Chemist: 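Take this structure first; my questions come after.
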Amino acid sequence: MAPSILLSMLLCLSAGSMLMVQGGDPTIFFEWNVTYGTVAPLGIPVKGILINGQFPGPNINSTTNNNIMVNVFNYLDEPFLLTWNGVQHRKNSWQDGVLGTMCPIPPGKNYTYHFQVKDQIGSYMYYPVTVMHKAAGGFGGLRVNSRPLIPVPYDEPADDYTIIAGDWFNKGYTTLKRILDSGRNLGRADGVHINGKVARGDGKDEPLFTMEAGKTYRYRICNVGIKTSLNVRFQGHTMKLVEMEGSHTVQNDYDSLDVHVGQCYTVLVTANQEPRDYYVVASTRFTRREFTAMGIIRYKNGRAGPSYDIPRPPVGWAWSLNQFRTFRWNLTASAARPNPQGSYKYGGINITRTIKLANTAEMVDGKLRYAINGASYVEPTTPLKLAEYYNVADKVFKYDDIADEPPAQISKVALEPIVLNVTHKDFVEIIFENHETAIQSWHMSGHSFFAVAVETGRWSPEKRMNYNLLDAVSRHTVQVFPNSWAAVLVAFDNSGMWNIRSEIWDRHYLGQQLYVSILSPNRSLRDEYNLPEDVMVCGVVEGMPRPPPYNS
Ligand SMILES: *[C@@H]1O[C@H](CO)[C@@H](O)[C@H](O)[C@H]1NC(C)=O
Ligand SMILES: *[C@@H]1O[C@H](CO)[C@@H](O)[C@H](O)[C@H]1NC(C)=O
Ligand SMILES: *[C@@H]1O[C@H](CO)[C@@H](O)[C@H](O)[C@H]1NC(C)=O
Ligand SMILES: *[C@@H]1O[C@H](CO)[C@@H](O)[C@H](O)[C@H]1NC(C)=O
Ligand SMILES: *[C@@H]1O[C@H](CO)[C@@H](O)[C@H](O)[C@H]1NC(C)=O
Ligand SMILES: *[C@@H]1O[C@H](CO)[C@@H](O)[C@H](O)[C@H]1NC(C)=O
Ligand SMILES: *[C@@H]1O[C@H](CO)[C@@H](O)[C@H](O)[C@H]1NC(C)=O
């Protein structure tokens, strides 16, 4: 059922090309070559992963409802897959780019992702999910602009900049994988990079970005790191927070922001200082040893280099918790709403199920594993979604093998795929319980959730009294501080197989993730798209006849 493709326009943009399909939403097309290449963010060369020769990879610049096609050629010698962190893929978990829904792209092969940024705005990122590739690169920014005529709650900025920052290990990703495979702890990172670089401060640094005095700029700041929270700040300037993970926020000014792994924040910075160079600074948080990376922000016609008076990061995580509490959704800003059914009045919806997920670190046969409610996720060779669609789920995984409550005591950690069976349109409360002393960061794909509370201590039903049921930010990733919990509310209205994962990548790699399966009750195309024709198949479904498609 190909749409009548009348090409009314064919534009070539620097990053990709845009096809305007008459009567439909425009499609933007990218061709990406994924290769190895040497990178040296901290000055020490390591085997990195490049996209079209770039590290970080190209930015995707899109507009709400654009169809995005990315033809990814895998020139690595290992299977490779990218995920689009925070893109909701409505009805379309087929293209989420995680190993529970897709087969990885084999070496020497290509696959074309095809997804729509339906009803979304905001700052996102993409990154690899295969082995520890994320520690080598292959990541970049993805922005979704508001459509023309949709009011944005601030004046159009003079320019739009993306900061992809993260911790970095000089060991290289294969060594990191070997460490984890042998059951050891990853240890600490060697430093931090900002857009794959660190300013040396020797007067020869190239600026990351340029501002003109008097103008205001949009910065999209994402933490693409492996395990470390970052504090980000601009020397001499404040940041006006305007959006996070798809929601316009109440516009508070901040001297610095804690950005936890997997999170993205959009801020406005006004060039209202003496024209010279300034540093944008990212420092590690909650680590025994603090690392800081800097990048130059240059004023056009500036007259001096940066001052070496670098603003200090805050101390302790109570500061970070207080900052979380200042984040509010701007209820009056018009924007694409994350939950089209009107569930943004979420305080009045009855909770139909409560799921408590507790993270633990375990030793299994002498090897480190990370677990959720006593089980540690193991990737099956057949993607869960394909197994379910081909009606052979029982050959690959069991539904609801973990309970909605963490066990009082874990006797034996189950190593298995973890899939929760969630009823379509259930309104679910999820409590992330962290009884460990390390900070956690939890992400959900396919949906945004309302992050209604993050508190210290133990959760109990009375804590619901303290939930923000009015203007909690609807987002996709929430941090959980040591010996604390976070509560989120989510309308599971997007049929598919969706990943809930630790964004702390060693934990993710060693089992701290799971999936929720949300079936279309009557196999309806209104709820979920059919398996796309060109989707790769692998595992037990390879060679099996395709199941009959959904018809209506
Ligand atoms: C990708 O690599 C192919 C083969 O080397 C080349 O023809 C093509 O131009 C490359 N594409 C991009 C976008 O760099
Ligand atoms: C991104 O897209 C918007 C909307 O189409 C456009 O105005 C802007 O110039 C683009 N930015 C870049 C850097 O290509
Ligand atoms: C692989 O790339 C070729 C050339 O661009 C394209 O025609 C084909 O559709 C791609 N294959 C997949 C599975 O995306
Ligand atoms: C929220 O958005 C509205 C509408 O665009 C805007 O006028 C208002 O200033 C914003 N409120 C806050 C507190 O940021
Ligand atoms: C929520 O549940 C209460 C008590 O069970 C019931 O009275 C109320 O009608 C429900 N509200 C909605 C919106 O379903
Ligand atoms: C999943 O839950 C639905 C009810 O929401 C139930 O009908 C179905 O049998 C369950 N499936 C499995 C495999 O447990
Ligand atoms: C599909 O299921 C939904 C919810 O169970 C129901 O409201 C709807 O009427 C069903 N549609 C058809 C065509 O059976």
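Not measured: the values here are computed from a predicted model. Below, all heavy atoms of this structure are taken into account, side chains as well, without hydrogens, waters or symmetry copies.
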Chemist: In terms of the angle between their ring planes, are Trp84 and Trp32 parallel, tilted or perpendicular, with boundaries placed at 30° and 60°?
Modeler: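 The rings of Trp84 and Trp32 sit tilted, inter-plane angle from 30° to 60°.
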Chemist: Applying the side chain to side chain contact (heavy atoms under 4.5 Å, CB included) criterion to Lys118, which one of Asn92, Asn65, Asn66, Val87 satisfies it?
Modeler: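 It is Asn65; the other options fail the test.
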Chemist: Just to verify, what does Phe324 make a ring pair (Phe, Tyr, Trp, His ring centres under 6.0 Å) with, not counting sequence neighbours?
Modeler: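 Not a single residue meets the ring pair (Phe, Tyr, Trp, His ring centres under 6.0 Å) criterion with Phe324.
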Chemist: For Asn74 and Ile105, which heavy atoms make the closest approach, and how far apart are they?
Modeler: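 Where Asn74 meets Ile105 most closely, the heavy atoms are ND2-O, 2.8 Å.
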Chemist: Parallel, tilted or perpendicular: which one describes the rings of Tyr219 and Phe209, with boundaries at 30° and 60°?
Modeler: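 It falls in the perpendicular class, over 60°.
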Chemist: Enumerate the residue pairs fulfilling side chain to side chain donor-acceptor pair (under 3.5 Å) with a member in residues 98-117, sequence neighbours excluded, ordered by first and then second residue.
Modeler: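 The answer is Asp25-Gln116, Asn71-Asn110, Asn71-Thr112, Gln95-Tyr111.
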Chemist: Between Gln251 and Val242, is there a donor-acceptor pair closer than 3.5 Å when you use the side chain of the first and the backbone of the second?
Modeler: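 Checked: no pair found.
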Chemist: Could you tell me whether Lys227 sits above the aromatic face of Trp505, with NZ or CZ closer than 6.0 angstrom to the six-membered ring centre and within 45 degrees of the axis?
Modeler: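 Ring-cation test returns no.
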Chemist: What side-chain donor-acceptor pairs closer than 3.5 Å can you find for residues 43-57, not counting sequence neighbours?
Modeler:
from	atom 1	to	atom 2	distance (Å)
Asn52	OD1	Asn33	N	2.7
Asn52	ND2	Glu31	O	3.0

Chemist: Please identify each residue that fulfils ring pair (Phe, Tyr, Trp, His ring centres under 6.0 Å) with His193, with sequence neighbours left out.
Modeler: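 Expected list: Phe139, Trp168.
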Chemist: May I ask you to test the Tyr279-Arg233 pair for a side-chain heavy-atom distance under 4.5 Å?
Modeler: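 The answer is no; the side chains never approach within 4.5 Å.
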Chemist: Taking Lys91 first and then Glu528, would you say they form a salt bridge - that is, a charged N and a carboxylate O separated by under 4.0 Å?
Modeler: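 Salt bridge between Lys91 and Glu528, a charged N being under 4.0 Å from a carboxylate O: no.
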Chemist: Arg285: what forms a salt bridge (Lys or Arg N to Asp or Glu O under 4.0 Å) with it, not counting sequence neighbours?
Modeler: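 Counting only residues at least two positions away or on another chain, Arg285 forms a salt bridge (Lys or Arg N to Asp or Glu O under 4.0 Å) with Asp258.
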Chemist: Should the ring pair Tyr154 and His248 be called parallel, tilted or perpendicular, given that the plane angle runs from 0 to 90° and is split at 30 and 60?
Modeler: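 Plane angle over 60°, so perpendicular.
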Chemist: Apply the test ring-ring contact (aromatic ring centres under 6.0 Å, His included) to residues Tyr370 and Tyr377: give CA-CA distance (whole Å), side-chain angles for both, the deciding distance (0.1 Å), then the verdict.
Modeler: CA-CA 8 Å; Tyr370 292 105; Tyr377 184 86; over 10 Å; no
Chemist: Which residues pass the salt bridge (Lys or Arg N to Asp or Glu O under 4.0 Å) test with Lys240, sequence neighbours left out?
Modeler: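 Salt bridge (Lys or Arg N to Asp or Glu O under 4.0 Å) list for Lys240, sorted by chain: Asp253.
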Chemist: Identify whether the distance between the nearest side-chain nitrogen and carboxylate oxygen of Arg143 and Asp160 falls below 4.0 Å.
Modeler: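 Salt bridge between Arg143 and Asp160, a charged N being under 4.0 Å from a carboxylate O: yes.
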Chemist: Are Arg298 and Met211 packed together at the side-chain level, in the sense that at least one heavy-atom pair is separated by less than 4.5 angstrom?
Modeler: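 They are not in contact (no side-chain heavy atoms under 4.5 Å apart), so the answer is no.
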Chemist: Is the centre of the Phe449 ring less than 6.0 Å from the centre of the His476 ring?
Modeler: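 No - the distance between ring centres of Phe449 and His476 does not fall below the 6.0 Å cut-off.
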Chemist: Quick one: are Ser502 and Trp442 in side-chain contact, heavy atoms under 4.5 Å?
Modeler: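 Touching, per the 4.5 Å side-chain cut-off.
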